[in-house]
Amino acid sequence: MSKPIYVLNGPNLNRLGRREPEIYGRTTLADVEKMCRAAAGDTPLEFRQSNSETQLIDWLHEASDEAAGLVFNPAAYTFTSMAIMDALKMFPAPAIELHITNIHRREPMYHNSLMSGVVTAVIAGLGARGYPTAVQVLKEMIKEAESVPA
């Protein structure tokens, strides 16, 4: 597998470890990146975070052309951004929507993801452990897709 896995993170995730640790835990985004790189092993990995909707859309476009798979935590944009959803629709490979918390156990405004209907799978509620889990599962999904005859 020569193409990288992209792990994209949306707004406020740069504040992990300090932002509402009773909800999101004390693991920092740097810790999450280390966990993802360990799970990726020899597989190339692009790990990025932005608070900008425009930047996330540009990275999704790039990933559509360059990535073997995608782990995406759109954070608050999950519930508001049709533009990000439209960019995500164009992603041709396996894509996992990821949330640190179980969005379905939270306030009603967090229950309706615009992204869930256009991704391959959703992981929610595993805390920071969800990230390496997503990377590992994505590697398996990519391998399975590569072994299917064209």
Side-chain angles (χ1 to χ4, degrees), residues 1-19 24-104 110 112-150:
M1 178 185 340
S2 59
K3 287 184 164 187
I5 290 174
Y6 274 52
V7 179
L8 301 180
N9 296 280
N12 299 312
L13 290 168
N14 57 310
R15 304 291 294 176
L16 281 179
R18 294 175 288 190
R19 174 188 178 212
Y24 298 102
R26 298 207 181 276
T27 304
T28 67
L29 194 61
D31 295 333
V32 169
E33 181 175 2
K34 287 176 191 168
M35 294 162 60
C36 288
R37 291 195 184 282
D42 293 338
T43 303
L45 186 111
E46 289 288 331
F47 190 95
R48 302 176 185 174
Q49 185 278 330
S50 180
N51 295 319
S52 166
E53 182 178 29
T54 302
Q55 182 66 75
L56 290 166
I57 291 167
D58 287 343
W59 287 341
L60 286 168
H61 292 170
E62 177 185 320
S64 290
D65 296 335
E66 303 295 331
L70 173 70
V71 176
F72 185 34
N73 184 343
Y77 290 133
T78 302
F79 317 103
T80 64
S81 180
M82 292 181 73
I84 288 178
M85 178 193 67
D86 283 344
L88 194 52
K89 279 183 189 178
M90 293 183 256
F91 189 76
I96 298 175
E97 175 186 354
L98 184 134
H99 298 285
I100 294 169
T101 65
N102 180 348
I103 60 176
H104 303 289
Y110 295 113
N112 298 309
S113 166
L114 296 174
M115 311 304 152
S116 294
V118 300
V119 294
T120 310
V122 178
I123 294 176
L126 296 179
R129 290 183 306 262
Y131 280 89
T133 301
V135 169
Q136 186 58 48
V137 169
L138 192 57
K139 284 176 57 175
E140 294 169 14
M141 294 168 79
I142 293 164
K143 188 175 181 179
E144 289 170 8
E146 289 174 346
S147 67
V148 173

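Just so we're clear, the structure is a prediction, and the values are computed from it rather than from any experiment. Nothing fancy with the numbering, it's 1 onward along the sequence.
Remark: Met82 CE to Met115 CE distance equals 9.5 Å, nearest 0.5 Å. How far OG1 of Thr80 is from CG of Leu114: 7.0 Å, rounded to the nearest 0.5 Å. The CZ atom of Phe79 sits 14.5 Å away from the CE atom of Met85 when rounded to the nearest 0.5 Å. A distance of 9.5 Å separates CG of Leu88 from OG of Ser116, quoted to the nearest 0.5 Å. One finds the CD1 atom of Ile5 at 12.5 Å from the CZ atom of Phe47 (value rounded to the nearest 0.5 Å). Here the straight-line distance linking atom OG1 of Thr78 with atom CG of Asn73 works out to 6.5 Å at 0.5 Å rounding.
Across all their heavy atoms, Gly69 and Leu138 have their closest contact at C-CD2, 3.6 Å. In this structure, Pro4 and Leu45 approach most closely via the heavy-atom pair CB-N, 4.2 Å.
When side chains are defined from C-beta on, Leu126 does not count as touching Tyr131, because their heavy atoms never get closer than 4.5 Å. Contact of the Trp59 side chain with the Leu70 side chain is not registered, since no non-hydrogen atoms from C-beta on lie closer than 4.5 Å. In this structure the side chain of Pro44 never reaches within 4.5 angstrom of the side chain of Ser2, judged on heavy atoms. At least one side-chain heavy atom of Met90 sits under 4.5 Å from a side-chain heavy atom of His61.
With sequence neighbours excluded, the residues that form a side-chain hydrogen bond (donor to acceptor under 3.5 Å, both in side chains) with Thr28 are Asp31. Annotation: side-chain hydrogen bond (donor to acceptor under 3.5 Å, both in side chains) contacts of Thr27 (sequence neighbours excluded): none. By the side chain to side chain contact (heavy atoms under 4.5 Å, CB included) test, Leu16 is found to be paired with Leu13, Tyr24, Leu29, Val32, Ile100, residues two or more places apart in sequence or in another chain being considered. Every residue two or more places apart in sequence or in another chain that forms a side-chain hydrogen bond (donor to acceptor under 3.5 Å, both in side chains) with Arg48 is listed here: Glu46, Glu62. Judged as a side chain to side chain contact (heavy atoms under 4.5 Å, CB included), and not counting sequence neighbours, the contacts of Ala121 are Ile96. Applying the side chain to side chain contact (heavy atoms under 4.5 Å, CB included) criterion to Ala67, with sequence neighbours excluded, gives Tyr6, Ala63, Phe91. Legend: residues meeting side-chain hydrogen bond (donor to acceptor under 3.5 Å, both in side chains) with Asn51, ordered by chain and number and at least two apart, are Gln49. Taking Ser52 as the reference, Ser50, Thr54, Gln55 meet the side chain to side chain contact (heavy atoms under 4.5 Å, CB included) condition, with sequence neighbours excluded. Legend: residues meeting salt bridge (Lys or Arg N to Asp or Glu O under 4.0 Å) with Glu33, ordered by chain and number and at least two apart, are Arg37.
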For side chain to side chain contact (heavy atoms under 4.5 Å, CB included), just list the numbers for Leu8 and Val71, CA-CA rounded to whole Å, side-chain angles, deciding distance to a tenth of an Å, and then say yes or no.
-> CA-CA 6 Å; Leu8 301 180; Val71 176; over 6 Å; no

Just do the side chain to side chain contact (heavy atoms under 4.5 Å, CB included) check on Phe72 and Val7 with the steps written out, would you?
-> CA-CA 6 Å; Phe72 185 34; Val7 179; over 6 Å; no

Side chain to side chain contact (heavy atoms under 4.5 Å, CB included) between Ile123 and His99: does it pass, once the steps are laid out?
-> CA-CA 6 Å; Ile123 294 176; His99 298 285; over 6 Å; no

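Side chain of Lys139 to backbone of Thr43: no donor-acceptor contact under 3.5 angstrom is found.
Sorted by first and then second residue, the salt bridge (Lys or Arg N to Asp or Glu O under 4.0 Å) pairs with a member in residues 124-137 form an empty list; sequence neighbours excluded. Residues in residues 85-104 take part in these salt bridge (Lys or Arg N to Asp or Glu O under 4.0 Å) pairs, two or more places apart or across chains: Asp86-Lys89.
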